[in-house]
Amino acid sequence: MPKNKRKPLDPVDVTLTIEDMAFMGEGLAHHEGELVYIPNTIAGEEVVATLRWKSRRYTEAEVKEIKTPSPHRVTPPCKYYGECTGCQWQHIAYPHQLELKRRLVADQMRRVGGFADAPVRETIGCEEPWGYRNHARFTISREGGQLGFVNRSRRRFVRIDHCLIMDAGVNKLLAQIQERCAETTQLSIRYGVNTGSFLIQPPLKTESVTLTTGQKHYEEQMMGRRFRIASPSFFQVNIRQAERLIAIVREGLGLTGKEVLVDAYAGVGTFAALLASSAKQVIAIEESASAIADAKVNIEGLANVTLAEGKTEEVMAQMSERPDAVILDPPRTGCHKTTLDSLVRLRPDRVAYVSCDPESLARDLKILCEGGYELLEVQPVDMFPHTYHIEAVATLRWRGG
């Protein structure tokens, strides 16, 4: 739900009909003319909800009873569901989750981007929508060094001993350090699902922890190539779906081996390394020092890949030669306006925009299309089953203007 200051209400139970699904996964209803956000509900359901918090623009509620359940409702398999709010959609059948995510992307394309009928494809789902995450960030309780998550509404700590969306390797490491982490307040576990390599940060000095901790990096393998990832560096949390996403980008760009490809916001060099064999030359742009250090290792042996260290908007503003294709994979906030202006100036034939935020994606696509690009398709890819989060790949073609 949107961030806003809120104050607690005297609890009141009301009967509501869920009208739609909100952008952050809650059900949306109206009560006395005001918006109400209700987690763990589905559009079309009639529910009894307890009004809990009041903000300037909306009210937050908790579901008390499902009077008329949706045909898409299922029993969540996780014993923590509802208390732990890391997953928002375990109560929704997985095929319907995929349809809801397609609708969320299409809705942002219309509302923010102004695309009346955006070519949003069916969401590509996970073959196995459980045990997919290779990265967990835990909060540590004040007493007992317990690992868990914090409920985003009630702000209460919830101890977690086994997370159903985490890879088995993460859960195994969790079991070995549970109740042994009182020396810190936050802890990150990253695990190589194809290598067995792992990273636990920060380093733990407690004698009861026999695992090695404090690693500077870990290693993962994707599409037959090994990658080094440092603790501060970004890497996709769902390896199987990341491989499918890379294939979508390759196909969307129509690479034949003759193109000059720019990999903007290159991170540890994942796209650059895996698409180098499909291009004549790859220029990878990245500003993070840790990611650049990783990328140098990850592109070893690839003579046609060049690293450009610096902010994407600054590096692209200085480019004079026209690339044939560009990959944009910016942070959640989207691209800097200068980056988009540089694309319109350079006019590469194809652009693949990878985004984890449909709103910023729609905003940036609007700018690119007003500048001379044609939106060919938006392909949602479900990297995060049982949550409202969605990744999408937009493919654009230069049409002139």
Side-chain angles (χ1 to χ4, degrees), residues 113 233-234 246 248-355 360-378 393-401:
S233 298
F234 170 80
I246 289 165
I248 292 166
V249 169
R250 179 193 284 119
E251 181 179 353
L253 292 176
L255 299 177
T256 65
K258 300 178 181 179
E259 293 82 9
V260 174
L261 170 65
V262 171
D263 179 12
Y265 310 95
V268 302
T270 309
F271 282 112
L274 294 178
L275 297 182
S277 62
S278 301
K280 177 182 178 181
Q281 180 187 3
V282 182
I283 302 168
I285 307 170
E286 176 55 46
E287 67 171 306
S288 164
S290 66
I292 282 285
D294 288 335
K296 288 178 179 177
V297 174
N298 296 334
I299 65 168
E300 285 181 358
L302 300 173
N304 65 333
V305 180
T306 303
L307 290 177
E309 185 171 0
K311 294 182 177 180
T312 293
E313 59 270 22
E314 295 176 358
V315 174
M316 291 195 68
Q318 296 171 7
M319 292 180 67
S320 57
E321 295 187 15
R322 175 178 178 267
D324 300 293
V326 172
I327 301 169
L328 299 172
D329 189 9
R332 180 173 293 275
T333 51
C335 292
H336 193 285
K337 180 63 163 51
T338 303
T339 300
L340 303 175
D341 291 342
S342 294
L343 272 176
V344 172
R345 174 179 60 84
L346 293 167
R347 298 181 297 173
D349 289 329
R350 294 268 181 152
V351 175
Y353 191 137
V354 181
S355 173
S360 61
L361 173 64
R363 178 200 67 208
D364 291 352
L365 291 181
K366 179 180 182 180
I367 294 172
L368 290 174
C369 289
E370 288 175 347
Y373 277 92
E374 175 188 3
L375 179 60
L376 298 179
E377 72 168 27
V378 182
V393 181
T395 304
L396 303 103
R397 175 176 60 197
W398 177 256
R399 58 170 168 76

Which atom names give the shortest non-hydrogen contact between [X] and [Y], and what distance separates them?
| X | Y | value |
| --- | --- | --- |
| A276 | L302 | CB-CD1, 4.1 Å |
| F271 | I327 | CB-CD1, 3.9 Å |
| A289 | E309 | CA-OE2, 4.4 Å |
| T312 | A264 | CG2-CB, 3.7 Å |
| A295 | G269 | CB-N, 4.1 Å |
| A352 | V249 | CB-CG1, 3.9 Å |

Under a 3.5 Å distance rule, please check whether [X] uses its side chain to pair with a backbone N or O of [Y] as donor and acceptor.
| X | Y | result |
| --- | --- | --- |
| E377 | L375 | no |
| D263 | I283 | no |
| E286 | G267 | yes |

For E259 and K280: C-alpha separation, side-chain torsions, deciding distance, then whether side chain to side chain contact (heavy atoms under 4.5 Å, CB included) applies. CA-CA 5 Å; E259 293 82 9; K280 177 182 178 181; 5.9 Å; no
Counting heavy atoms not belonging to E251, are there more than 12 under 6.0 Å from its CD?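 It does not: E251 CD has 12 such atoms or fewer within range.
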Any side-chain heavy-atom pair of [X] and [Y] under 4.5 Å:
| X | Y | value |
| --- | --- | --- |
| Y353 | L361 | yes |
| S288 | F234 | no |
| P330 | S355 | no |
| M316 | T338 | no |
| V326 | L261 | no |
| V351 | T395 | no |
| L343 | L368 | yes |

Quick one, R397 with E374, criterion salt bridge (charged side-chain N to carboxylate O under 4.0 Å, His left out). Give me CA distance, side-chain angles, the key distance, then yes/no. CA-CA 5 Å; R397 175 176 60 197; E374 175 188 3; 2.9 Å; yes
Mind checking the [atom1]-[atom2] spacing from [X] to [Y]? Nearest 0.5 Å is all I need.
| X | Y | atom1 | atom2 | answer |
| --- | --- | --- | --- | --- |
| L328 | L340 | CG | CG | 7.5 Å |
| M319 | I285 | CE | CD1 | 6.0 Å |
| L275 | S277 | CG | OG | 7.5 Å |
| K258 | S278 | NZ | OG | 13.5 Å |
| T270 | D329 | OG1 | CG | 8.5 Å |
| L396 | L253 | CG | CG | 10.0 Å |

Among side-chain atoms of S233 and S290, is any donor-acceptor pair under 3.5 angstrom?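 Note: S233 and S290 side chains meet the donor-acceptor criterion.
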Using the salt bridge (Lys or Arg N to Asp or Glu O under 4.0 Å) rule, collect all pairs that involve residues 333-350, keeping only residues at least two apart or in two chains.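 Those involving residues 333-350 are R322-D349, K337-D341.
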Kindly determine whether Y265 and T339 satisfy side chain to side chain contact (heavy atoms under 4.5 Å, CB included), including the steps that lead there. CA-CA 11 Å; Y265 310 95; T339 300; 3.4 Å; yes
